Amino acid sequence: MLPIPAVLLDSGGRIFHANRVAHSIFGDALGAVIRHPAVQSVLSTLTPETGVVTRVELDVPVRRIVQVTFRQWPERFASAIGWHEGVLAVLEDCSEFEVVDRMRADFVAYASHELRTPLASLIGFIETLQGPAADDPAAQQQFLAIMAAQAARMERLIERLLYLSRVQRLEHMRPHDMVAAQDLMDRLLEDSQILIRSSEARLVLMPTDEDLFFPADEDQIVQVLLNLVENALKYGGPDIEIRVGIVADNGKGVEISVSDNGRGVDSQHVPRLTERFYRVEGRATASQSGTGLGLAIVKHIVDRHGGRLRIESAPGRGMTCRIWLPKAS
């Protein structure tokens with residue numbers, strides 16, 4: 001068996017056979033690669049004397065860069081299997097290299113933009129402490145508290161940016177490990193204790209079928225749940241109730257829901273909530289504790305799992321996030 005992704009195509013460009021490695025790496029995206037206009041263009045001009053390499057870019061469901069090398073299948077081998085003519089296509093997934101390069105540029109751009117304000121604030125307070133407030137203990141304590149908060153904000157921002165970069169690096173690789181819905185709920189209950197104890201909110205975990213399993217990266221899905229719970233705590237307002245549930249979807253997959261009865265947001269903001277650094281103006285505590293990356297991380301993790309994210313909200317009616325994830329193929 002070839003240790004690389006390889007596909008045999010007939011004269012019409014249809015898949016005659018794909019090896020296990022190709023199915024494992026590309027899964028449902030394999031057909032999209034072969035149907036891509038760049039591939040079809042090469043197939044129409046390929047001759048027995050030449051090998052051709054082309055680059056394929058896919059944007060749905062996640063961005064992938066694939067290098068495809070073509071060579072017409074030798075007639076002596078084709079006749080041995082009762083096949084007259086065809087093409088051998090060898091695929092190389094270059095997505096990770098592309099993502100790493102883009103992440104470097106994005107990290108510099110986002111970090112420099114978002115860190116500028118808290119860094120300028122720190123510099124200003126340091127200059128004040130070295131000058132006018134050098135002999136003012138009361139002002140020193142006030143400024144040091146603000147400086148600590150700004151430093152913590154920068155630390156959270158950098159941690160979120162690094163985590164988002166790691167998620168993007170793996171986004172084209174569909175997870176195959178089976179996880180139990182009940183294990184996810186148990187981990188959420190344990191990992192969210194500090195968040196819940198420091199607030200007046202109530203976390204309600206809905207009953208989950210103990211036999212409910214689905215393919216996922218357990219750590220990433222727990223991070224999704226934590227991000228959504230934390231988002232509700234930050235913006236939902238005081239004394240809210242957060243309800244989390246995981247249910248089967250008629251054998252097609254699972255639906256994860258996180259809802260609260262908090263303040264909610266106007267529907268015009270909903271389509272943009274998963275954009276990096278998008279913040280709704282006027283939301284309580286947003287400028288103090290939000291990085292604008294929590295829901296962006298959620299969206300990228302859901303994309304990696306081949307799922308769908310739907311957010312529903314309205315002023316005074318709270319927010320509900322529904323995530324659909326497919327079952328094992």
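Keep in mind it's a predicted model, so treat the numbers as computed, not measured. In what follows, every heavy atom counts, from backbone to side chain, and hydrogens, waters and symmetry copies are set aside.
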- With a 4.0 Å cut-off, would you call E218 and R187 a salt bridge? yes
- Message: Would Q142 and F125 count as a side-chain contact (heavy atoms from CB on, under 4.5 Å) here? Give the steps.
- Response: CA-CA 10 Å; Q142 178 185 3; F125 283 122; over 6 Å; no
- Would you mind checking if D260 and R243 are paired as a salt bridge, meaning a charged N to carboxylate O distance below 4.0 Å? no
- Would you indicate whether the side-chain heavy atoms of E275 and R272 approach each other to under 4.5 Å? yes
- Item | Co-membership, hydrophobic cluster, residues V298 and V270, 4.5 Å side-chain | yes
- Message: Under a 3.5 Å distance rule, please check whether D249 uses its side chain to pair with a backbone N or O of K252 as donor and acceptor.
- Response: no
- Item | Nearest-0.5 Å distance, CD of residue E210 to CG of residue D183 | 10.0 Å
- Item | Smallest separation among heavy atoms of G13 and Q40, with atom names | O-NE2, 4.1 Å
- Query: Which atom names give the shortest non-hydrogen contact between I242 and A232, and what distance separates them?
  - Reply: CD1-CB, 3.7 Å
- Message: So V87 and V42, do their side chains get closer than 4.5 Å, heavy atoms only?
- Response: no
- Item | Interatomic spacing from CG in L226 to OG in S192 - rounded to 0.5 Å | 6.5 Å
- Side-chain donor/acceptor of S165 to backbone N/O of L161, under 3.5 Å: yes
- Query: Quick one: are M319 and R263 in side-chain contact, heavy atoms under 4.5 Å?
  - Reply: no
- Query: Side-chain contact, heavy-atom cut-off 4.5 Å: L88 with T69?
  - Reply: no
- Item | Distance (rounded to the nearest 0.5 Å) between L225 CG and L205 CG | 9.5 Å
- Does H305 use its side chain to pair, donor to acceptor, with the backbone of D217 at less than 3.5 Å? yes
- Message: Between K299 and D303 (salt bridge meaning N to carboxylate O under 4.0 Å), is one present in this structure?
- Response: yes
- Task: Give a yes-or-no answer on whether the side chains of R304 and Q220 include a donor-acceptor pair shorter than 3.5 Å.
- Result: yes
- Query: So with a 6.0 Å cut-off around CZ of R202, is the heavy-atom count from everything else above 12?
  - Reply: yes
- Check: R322 and E255 side chains under 4.5 Å, non-hydrogen atoms: yes
- Item | Over all atoms of both residues, closest heavy-atom pair of A18 and L30 | CB-CD2, 3.6 Å
- Message: Minimum heavy-atom separation for V33 and V39, please, with both atom names.
- Response: O-CG2, 3.2 Å
- To the nearest 0.5 Å, atom CG of L144 lies from atom CD of Q141 at 6.0 Å
- Flag side-chain contact, heavy atom, 4.5 Å: I221 against I256: yes
- Item | Evaluation steps, side-chain contact (heavy atoms from CB on, under 4.5 Å), between M154 and L122 | CA-CA 11 Å; M154 287 194 293; L122 284 174; 3.0 Å; yes
- Item | Cluster link I146 to L129, ILVMFWY, side chain under 4.5 Å | yes
- Given the rule that I, L, V, M, F, W and Y join up when any side-chain heavy atoms are under 4.5 Å apart, are W324 and M178 in one cluster? no
- Applying side-chain contact (heavy atoms from CB on, under 4.5 Å) between V302 and each of I297, T274, I323, report the one that passes. I323
- Message: Please determine whether residues Y278 and L164 belong to a single hydrophobic cluster, defined as Ile, Leu, Val, Met, Phe, Trp and Tyr linked transitively by side-chain heavy-atom distances below 4.5 Å.
- Response: yes
- Message: Looking at every heavy atom in both S313 and G264, which two are closest together, and how far apart are they?
- Response: OG-CA, 3.3 Å
- Item | Exam field: side chain H36 to backbone A38, donor-acceptor pair closer than 3.5 Å | yes
- Going through the checks in order, is the side-chain contact (heavy atoms from CB on, under 4.5 Å) test met by V7 and V68? CA-CA 10 Å; V7 180; V68 189; over 6 Å; no
- Query: Does a side-chain heavy-atom distance below 4.5 Å link L309 with I311?
  - Reply: yes
- Do side-chain atoms of D191 reach the backbone of V222 as a donor and acceptor pair under 3.5 angstrom? no
- Provide the closest heavy-atom pair for M185 versus M206 in the form atom of the first, atom of the second, distance. CE-O, 3.5 Å
- Are a donor atom and an acceptor atom from the side chains of D219 and Q223 found within less than 3.5 Å of each other? no
- Item | Donor-acceptor pair, side chain of N19 and main chain of A22, under 3.5 angstrom | yes
- Any side-chain donor near an acceptor of the partner, Q140 and D136, under 3.5 Å: no
- Would you call E155 and R153 a salt bridge, using N to O less than 4.0 angstrom? no
- Task: Please tell me if the side chains of V204 and E241 come closer than 4.5 Å, counting only heavy atoms from C-beta onward.
- Result: yes
- Message: Heavy-atom count check: over 12 atoms from other residues, nucleotides or ligands less than 6.0 Å from D135 CG?
- Response: no
- Item | Residue from L325, L212, L188 passing side-chain contact (heavy atoms from CB on, under 4.5 Å) with I246 | L212
- Query: Do any N or O atoms from the side chain of D177 and from the backbone of A216 form a donor-acceptor pair under 3.5 angstrom?
  - Reply: no
- Query: Would V56 and I65 show up in the same hydrophobic cluster when neighbours are defined by side-chain heavy atoms closer than 4.5 Å?
  - Reply: no
- Task: To the nearest 0.5 angstrom, please state how far the CG atom of L43 sits from the CD1 atom of I34.
- Result: 7.5 Å
- Could you check V52 against T45 for side-chain contact (heavy atoms from CB on, under 4.5 Å), going step by step and ending with a plain yes or no? CA-CA 10 Å; V52 179; T45 59; over 6 Å; no
- Message: To the closest 0.5 Å, what do you measure between OG1 (T208) and CG (L184)?
- Response: 9.0 Å
